[in-house]
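Reading through the structure tokens given below for one structure.
Whatever order the structure lists them in is the order used to number ligands and atoms, beginning at 1.
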Amino acid sequence: MQTVRQLEALREAVAAWRQAGERIALVPTMGALHDGHMALVDAARRAANRVVVSIFVNPKQFGPNEDLAKYPRKEAADSRMLSGAGVDLLWMPPVELVYPEGFATNVSVSGVSEVLEGAHRPGHFDGVATVVAKLFGQVQPDIAFFGEKDWQQLAVIRRMTMDLDLPVEIQSVLTQRDDDGLALSSRNAYLMPEERAKAVALPRALGAAGKAIVEGGDVEAALAQARETLAAAGFEIDYVALADAATLAPVTAYSADRPLRLLAAARIGTTRLIDNIAIP
Ligand code: PAF
């Protein structure tokens, strides 16, 4: 695996693969890799001849009071995992290469970016869309992989890619979970053991609410029950919501013929967790 930090070297590698007619996949990450990321890498390996993984902790997607400074950075361990998984190139651009002096472009996706995570983390999805557009421009992949754990992010990236006619196929990969159901996340590393034990209430509350909704229960009552369960487990809740799977617009009644998503964000101690499930 080559580790590349400069655009010229990246372009050279990608141009040689293209000349050989090879299909190139990109897995964008912020590092601190876990099995969720490795599932994206596995899917990328199956779909393309060459796999590029980017690691870039993107300052533009963190709010002023968020965890940019303490976000876990594990370059050596990440690099070993990726090389063992058969990744061809690790793209690790320095921050000055991504956002050089004078950088003035902001990619903002209206609607789908504005609700749920977008409402609680203003500017977050502009940061995500801007850096993903930039990574697409740098790597020029045929296909890119994103996890369903960040469902709204996936919807924002799909919308942006469609709206801008970016020649990249967007593929999603199912959320990877621990044995008790907690979605894998780099931020799980922040959880103290007693918080980790309580965190399982999040996927359980979503699962129970999802079942109640599909069985014809009142949507608002199911969401209220989920909020109650989370509060009882010690969570401070940002949202528990049923939404259209593509637009993230709020949905108040279940309909089997419209793809829906049940999403939640809540804080346990100082750690903010997000999760979501498909309905049905
Ligand atoms: O999901 C992530 O790790 C990040 O939001 C992404 C897509 C790599 C953009 O920084």
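Every residue meeting the salt bridge (Lys or Arg N to Asp or Glu O under 4.0 Å) condition with Arg159, not counting sequence neighbours, appears here in chain and number order: Asp163. A search for ring pair (Phe, Tyr, Trp, His ring centres under 6.0 Å) contacts involving Tyr254 returns nothing, not counting sequence neighbours.
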Begin from the C-alpha positions of Glu195 and Arg267 and carry the test salt bridge (charged side-chain N to carboxylate O under 4.0 Å, His left out) through to its verdict. CA-CA 10 Å; Glu195 293 169 340; Arg267 210 174 294 274; over 6 Å; no

Between the protein and ligand 1, are there any N or O atom pairs that come within less than 3.5 Å of each other, and if so, what are their names and distances?
unit_1   : atom_1 : unit_2 : atom_2 : d
ligand 1 : 1 (O)  : Gln153 : NE2    : 2.8
ligand 1 : 5 (O)  : Gln61  : NE2    : 2.9
ligand 1 : 5 (O)  : Gln153 : OE1    : 2.7
ligand 1 : 10 (O) : Gln61  : OE1    : 2.6

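Side-chain atoms of Asn276 come within 3.5 Å of backbone atoms of Lys149 as a donor-acceptor pair (strictly under, hydrogens ignored). Listed for the Arg196 side chain is no donor-acceptor partner under 3.5 Å among the backbone atoms of Asn188.
Applying the side chain to side chain donor-acceptor pair (under 3.5 Å) definition to pairs two or more places apart or across chains, those involving residues 50-67 are Glu22-Arg50, Arg50-Asp88, Asn58-Gln61, Asn58-Tyr99, Glu66-Arg121, Asp67-Arg187, Asp67-Tyr190.
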